[in-house]
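Worksheet for the structure shown next.
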Amino acid sequence: MFSTGLVLQELLHGFRGPKASQSIIERFSALPFVTPTRADHIEAANLRNACRRRGVQIGTIDALLASLCITHELVMLSTDRDFIAIAESTPMILWG
């Protein structure tokens, strides 16, 4: 299992109180992070543009996360409908 700082940051935005935040931080400390490179950002932009040409609108962060999964051959764990749409039109593998 891997994660990114972006996922950790988004999770911390959704929780209130120091106990919940500390619990998330502690749990994520066990996961290695995939850190996006310049090339990953370029691929994410390409992925977003390709999805848009197919009629699939995705956000910048979702494009980056999907691109990281594709590049590093990782499986995306999500039930977010945006990632379902991405998986239907890209090589990203979704488990959710």
Side-chain angles (χ1 to χ4, degrees):
M1 284 183 102
F2 293 87
S3 191
T4 69
L6 295 168
V7 172
L8 174 60
Q9 183 177 342
E10 284 196 355
L11 285 173
L12 290 171
H13 287 184
F15 284 88
R16 298 190 190 275
K19 277 189 170 180
S21 293
Q22 191 57 40
S23 176
I24 291 168
I25 292 167
E26 287 173 9
R27 290 170 192 253
F28 268 73
S29 69
L31 295 175
F33 274 14
V34 175
T35 303
T37 65
R38 179 185 309 262
D40 290 322
H41 288 281
I42 293 167
E43 285 304 311
N46 292 336
L47 177 78
R48 187 172 187 217
N49 291 337
C51 285
R52 187 175 53 226
R53 283 191 297 275
R54 293 184 195 109
V56 177
Q57 296 293 322
I58 60 174
T60 300
I61 299 301
D62 289 350
L64 179 58
L65 294 173
S67 181
L68 288 171
C69 287
I70 294 166
T71 300
H72 296 281
E73 299 179 348
L74 301 171
V75 176
M76 171 68 73
L77 172 61
S78 179
T79 57
D80 185 300
R81 66 176 179 247
D82 290 338
F83 289 115
I84 294 169
I86 295 169
E88 290 172 351
S89 61
T90 71
M92 186 188 81
I93 299 170
L94 179 66
W95 182 42

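Hydrogens, waters and symmetry mates play no part in the numbers below; they use all other heavy atoms, side chains included. On a predicted model such as this, the values are computed, not experimentally measured, just so you know.
Listed for the Ser67 side chain is no donor-acceptor partner under 3.5 Å among the backbone atoms of Ala63. Of the possible donor and acceptor atoms, one in the side chain of Asn49 sits under 3.5 Å from a partner among the backbone N and O of Ala45.
Across Thr37 and Asp40, no two heavy atoms sit closer than the pair N-OD2, 2.9 Å. Residues Pro32 and Met1 approach most closely at CD-O, 3.4 Å, considering heavy atoms. Minimum interatomic distance between Gly59 and Arg48 (heavy atoms only, all atoms of both residues): C-NE, 3.9 Å. The minimum heavy-atom distance between Phe83 and Met92, with the atom names listed, is O-CE, 3.5 Å.
Ser21 contributes atom OG, which lies 10.0 Å from atom NE2 of His13 (distance to the nearest 0.5 angstrom). Atom CG in Leu74 sits 11.0 Å away from atom CG in Leu65 (nearest 0.5 Å). We find the CZ-CG distance between Phe33 and Leu6 to be 9.0 Å, quoted to the nearest 0.5 Å. A distance of 10.0 Å separates CG of Leu47 from CG of Leu64, quoted to the nearest 0.5 Å.
With a 4.5 Å cut-off on side-chain heavy atoms, Ser3 and Leu8 do not count as touching. Between Phe2 and Val34, some side-chain heavy-atom pair lies under the 4.5 Å cut-off.
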Quiz item: Should Cys69 and Ile93 be marked as a side chain to side chain contact (heavy atoms under 4.5 Å, CB included) after you check the CA-CA gap, both sets of side-chain angles, and the distance that decides it?
Solution: CA-CA 8 Å; Cys69 287; Ile93 299 170; over 6 Å; no
Quiz item: Which is it for Leu94 and Val75 under the side chain to side chain contact (heavy atoms under 4.5 Å, CB included) test, yes or no, and what are the steps along the way?
Solution: CA-CA 6 Å; Leu94 179 66; Val75 176; over 6 Å; no
Exercise. Carefully, step by step, assess Ile61 and Glu10 under the rule side chain to side chain contact (heavy atoms under 4.5 Å, CB included).
Key: CA-CA 10 Å; Ile61 299 301; Glu10 284 196 355; 3.9 Å; yes
Quiz prompt | side chain to side chain contact (heavy atoms under 4.5 Å, CB included) between Thr4 and Thr35, worked out | solution = CA-CA 6 Å; Thr4 69; Thr35 303; over 6 Å; no
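Applying the side chain to side chain contact (heavy atoms under 4.5 Å, CB included) test between Cys51 and each of Asp62, Val56, Asp82 identifies Val56 as the sole match.
Here Ile42 pairs with Arg38, Asn46 under the side chain to side chain contact (heavy atoms under 4.5 Å, CB included) rule; sequence neighbours left out. For Ser23, the side-chain hydrogen bond (donor to acceptor under 3.5 Å, both in side chains) criterion is met by Arg27, not counting sequence neighbours.
Atom CD1 of Ile25 is surrounded by more than 12 heavy atoms from other residues, nucleotides or ligands within 6.0 Å.
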